[in-house]
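Notes follow once the structure below has been shown.
Residue numbering restarts at 1 for every chain, and letters A, B, ... go by the order of the sequence lines.
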Amino acid sequence: MLYNKNKIALVDCNSFYVSCERLFNPSIAKKPVVVLSSNDGCVISRSTEAKILGIKMGEPYFKVKKIVKENNVKTFSTNFALYGDMSRRVMETLKQFSPQMEIYSIDEAFLDLSSIKDEDLLEHSYKIRKTILKWTGIPTSIGIAKTKTLSKAANFIAKKEKSGVIDLINSKQIDKLLSRIEINNVWGVGRQLTKFYIKNGINTAYDLKKMHNGWIKKNTNVLGSRTAMELKGIPCVSLEPHQDKRESCSVSRSFGRKVTKLEELSEALTTHCLNAAEKIRLDKQTVKKITVFIRTSPFQNNRNYYANSKSIELPIRTNDSIILVKKTLNILESIYQKGHQYQKTGIVFSDLKDVDVYNTNLFSKINNEEKRTKLMKAIDYTNIKYGRHALSIAQAGVKKIWNVKKKHSSKIDTACFQFLPTVRTT
DNA sequence: TCTGGGGTCCTAGGACCC
DNA sequence: TCTGGGGTCCTAGGACCC
């Protein structure tokens with residue numbers, strides 16, 4: 001069912017990962033802070049102070065190391081268990097403000113505010129911000145408009161405003177605000193479209209809004225024209241309050257150092273496969289198609305770049321770790337080539353379905369299926385209770401010398417009392 | 001020396017059919 | 001010798017998002 005509400009708020013957490021780290025470390029408030037991606041590779045979250053220093057989103061860490069040192073920027077390795085947990089708390093709080101809400105990413109959600117009177121929208125939004133901050137400690141920004149794309153735009157401006165809220169529904173200055181947004185910052189306009197638009201003199205959100213539909217349709221695709229329509233205030237992307245299960249599930253990691261041997265690749269890939277299998281079991285899903293990929297670093301121009309991937313369809317869908325690992329390693333062997341310095345490997349499970357969906361073929365006779373299901377349940381239970389990979393299988397290895405680097409971890413675990421912040425009352 | 005990871009959606013083009 | 005055209009379905013890869 002398509003239903004478009006005409007008052008949509010986008011609530012977005014400010015510098016989310018940095019804000020999470022700050023919760024447990026008040027001494028870094030108002031100081032420059034960055035959070036690094038896996039392997040401490042890139043900057044993926046920056047405090048306002050770090051942005052001012054010129055540290056860009058997605059920049060490789062080694063390129064900003066100098067700025068970091070000179071300005072005493074605090075750095076953190078990712079702690080997704082913490083961010084995921086904080087995200088759940090923020091979303092739980094947000095839910096109270098609208099029955100219809102779409103969680104869009106780990107740090108943002110669209111809210112249907114159609115039931116709020118126009119004149120109360122601002123007040124309502126201030127209340128949302130205040131409550132989230134009070135209950136979770138996370139600062140947010142809110143943009144309200146008639147379409148999702150416009151509420152994204154409003155949010156973009158709101159991030160720069162002290163009030164933290166921009167309401168485009170009551171605004172007579174929409175065009176003025178839109179002309180402050182560079183075209184690459186429009187939701188749905190990525191690198192390729194940006195190139196194309198700038199070549200054609202479209203430099204801001206407002207420029208795109210002014211373009212004729214015919215031209216956009218002819219020169220881009222349905223997504224391009226959808227974005228342009230939404231900027232004009234015509235809803236094309238509806239709010240999706242009911243979130244379906246995932247359609248694919250992937251686990252991949254870069255190595256902490258280069259890897260050449262098949263055995264090491266096998267260990268890493270087995271670990272990824274076990275993680276992915278556990279994820280789909282938790283979601284009560286089975287997989288039909290497995291893709292494995294390996295590659296060397298694309299950034300080292302002097303070496304031969306090698307990247308390869310291969311997919312197979314399973315005869316019977318499953319979520320059994322033992323079967324999946326076996327198949328996965330077979331694929332790996334078929335694409336592995338000696339003599340390369342591998343930088344990354346990963347696995348993708350696709351064509352996922354609910355466990356109760358048709359699970360056998362005409363010729364299958366799985367007599368120990370029940371036993372296996374019980375074994376998987378036991379493994380998952382043990383790993384949840386005693387920590388990740390308390391129980392694993394031998395191919396995953398024990399030493400894991402290929403494992404990722406994590407020099408700056410805050411090691412905060414929200415499920416652990418030791419890390420609860422202390423509050424003193426006088 | 002050092003460049004993330006996990007998703008979704010769309011489309012062009014091939015295979016196949018009549 | 002001359003060798004259609006239109007429809008559907010599927011998939012790999014690209015573009016985009018955070």
Side-chain angles (χ1 to χ4, degrees), chain A residues 10 12-17 34-46 56-66 68 75-80 83-84 87 102-110 148-149 152 155-156 183-197 220-227 236-237 240 243-258 272 275-276 279-280 283 288-289 291 293 295-303 305 307-313 341 343-352 404-408:
Chain A
L10 176 69
D12 188 314
C13 301
N14 300 341
S15 310
F16 183 56
Y17 301 161
V34 296
V35 173
L36 304 175
S37 66
S38 162
N39 253 318
D40 298 340
C42 294
V43 174
I44 53 168
S45 181
R46 309 157 297 156
K56 296 201 183 74
M57 183 65 178
E59 227 174 349
Y61 179 51
F62 71 90
K63 284 191 180 168
V64 297
K65 241 178 189 165
K66 199 169 163 231
V68 166
T75 58
F76 290 89
S77 302
T78 44
N79 182 346
F80 273 103
Y83 313 148
S87 173
E102 174 188 341
I103 298 174
Y104 179 67
S105 75
I106 193 164
D107 72 338
E108 56 191 308
F110 290 103
K148 277 182 163 180
T149 307
K152 273 284 207 181
N155 192 284
F156 181 81
I183 192 69
N184 61 306
N185 290 317
V186 174
W187 191 47
V189 178
R191 278 236 286 282
Q192 300 306 315
L193 271 180
T194 295
K195 250 193 261 171
F196 173 75
Y197 283 147
T220 72
N221 55 21
V222 287
L223 295 172
S225 73
R226 214 178 273 172
T227 299
C236 302
V237 189
E240 309 276 354
Q243 258 131 36
D244 295 328
K245 288 187 185 177
R246 58 158 84 80
E247 293 170 9
S248 69
C249 174
S250 59
V251 176
S252 67
R253 289 287 178 282
S254 300
F255 300 122
R257 58 161 184 74
K258 297 289 181 288
H272 301 338
N275 284 338
K279 280 201 217 174
I280 65 168
D283 272 356
K288 179 79 175 159
K289 186 177 162 193
T291 306
F293 68 87
R295 68 164 164 81
T296 62
S297 170
F299 298 102
Q300 294 187 314
N301 303 326
N302 50 341
R303 285 185 183 279
Y305 178 62
N308 204 351
S309 74
K310 195 177 163 188
S311 307
I312 59 151
E313 294 247 336
Q341 302 228 298
Q343 185 245 1
K344 186 174 186 176
T345 186
I347 187 165
V348 185
F349 290 166
S350 44
D351 193 355
L352 299 178
V404 294
K405 279 186 285 195
K406 250 190 170 184
K407 273 196 198 159
H408 312 275

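- Taking side-chain N and O atoms only, A:Ser250 has a distance below 4.0 Å to OP1 or OP2 of B:dG7.
- Applying the 4.0 Å criterion to OP1 and OP2 of B:dG7, one finds that A:Lys279 has a side-chain N or O inside that range.
- Within 6.0 Å of NZ in A:Lys195 there are 12 or fewer heavy atoms belonging to other residues, nucleotides or ligands.
- Distance from the side chain of A:Arg226 is smallest for B:dC10 among the nucleotides B:dG6, B:dC10, B:dT3.
- Distance from the side chain of A:Arg246 is smallest to B:dG7 among B:dG7, C:dC16, B:dC2.
- When distances run from any side-chain atom of A:Ser105 to the nucleotides C:dC18, B:dT8, B:dT3, the shortest one goes to C:dC18.
- Using a 4.0 Å heavy-atom criterion, one finds that A:Lys195 contacts no nucleic acid atom at all.
- A:Lys406 has no carboxylate O lying under 4.0 Å from a charged side-chain N of A:Asp40, or vice versa, which leaves the two without a salt bridge.
- Distances from the side chain of A:Asn221 to the nucleotides B:dT11, C:dC18, B:dT3 place B:dT11 closest.
- The partner of B:dC18 is C:dG5, judged by Watson-Crick or G-U wobble contacts that both fall below 3.5 Å.
- With hydrogens and angles ignored, the 3.5 Å screen pairs no side-chain donor or acceptor of A:Glu247 with any backbone N or O of A:Leu352.
- Across all strands, A:Val186 comes closer than 4.0 Å only to sugar-phosphate atoms, never to a base (heavy-atom distances).
- When the C1' atom is compared between C:dC17 and B:dG4, the two are found 15 Å apart, to the nearest whole Å.
- For the residue pair A:Ser248 and A:Ser350, no side-chain donor N or O sits within less than 3.5 Å of a side-chain acceptor on the partner.
- As judged by a 4.0 angstrom heavy-atom cut-off over every strand, A:Tyr104 is placed among residues touching the sugar-phosphate backbone only.
- Distances from the side chain of A:Gln343 to the nucleotides C:dC16, B:dG4, C:dC17 place B:dG4 closest.
- Side chain of A:Asn39 to main chain of A:Lys405: a donor-acceptor pair is present (N/O by atom type, distance under 3.5 Å, no hydrogens or angles).
- For the pair A:Gln300/A:Lys258, a side-chain contact is recorded, criterion being any heavy-atom separation below 4.5 Å from C-beta on.
- The listed nucleotides are B:dC2, B:dG5, C:dC16; the one nearest the side chain of A:Lys344 is B:dG5.
- At least one side-chain nitrogen or oxygen of A:Arg253 sits closer than 4.0 Å to the OP1 or OP2 atom of B:dG6.
- Looking at the side chain of A:Ser38, the nearest of the listed nucleotides B:dT8, B:dG5, C:dC18 is B:dG5.
- Using Watson-Crick or G-U wobble geometry with both donor-acceptor distances under 3.5 Å, B:dA12 finds its partner in C:dT11.
- At the heavy-atom level, A:Tyr61 lies nowhere under 4.0 Å from the strands shown.
- Within the 4.0 angstrom heavy-atom criterion, no nucleotide atom of any strand lies near A:Glu59.
- Each of B:dG4, B:dG6, B:dC10 was ranked by its minimum atom distance to the side chain of A:Ile44; first place goes to B:dG4.
- If you check C:dC16, C:dC18, B:dT11 against the side chain of A:Arg191, the one that comes closest is C:dC16.
- Taking the six-membered ring where tryptophan is involved, the planes of A:Phe80 and A:Tyr17 are perpendicular, since the angle between them exceeds 60° and thus also 30°.
- If you measure from atom CD of A:Gln243 to atom C1' of B:dT8, you get 13 Å, rounded to the nearest angstrom.
- A:Val189 comes within 4.0 angstrom of the backbone, heavy atoms only, and of no base.
- The side chain of A:Lys289 lies closest to C:dA12 when the candidates are C:dA12, B:dG6, B:dT3.
- At the heavy-atom level, A:Lys407 lies nowhere under 4.0 Å from the strands shown.
- Considering only side-chain N and O atoms, A:Thr78 lies nowhere under 4.0 angstrom from the phosphate OP1 or OP2 of B:dG5.
- Between A:Asp40 and A:Val251, the one whose closest nucleotide on DNA chain B sits nearer the 5' end is A:Asp40.
- Using a 4.0 Å heavy-atom cutoff across all strands shown, A:Leu193 reaches sugar-phosphate atoms only and no base atom.
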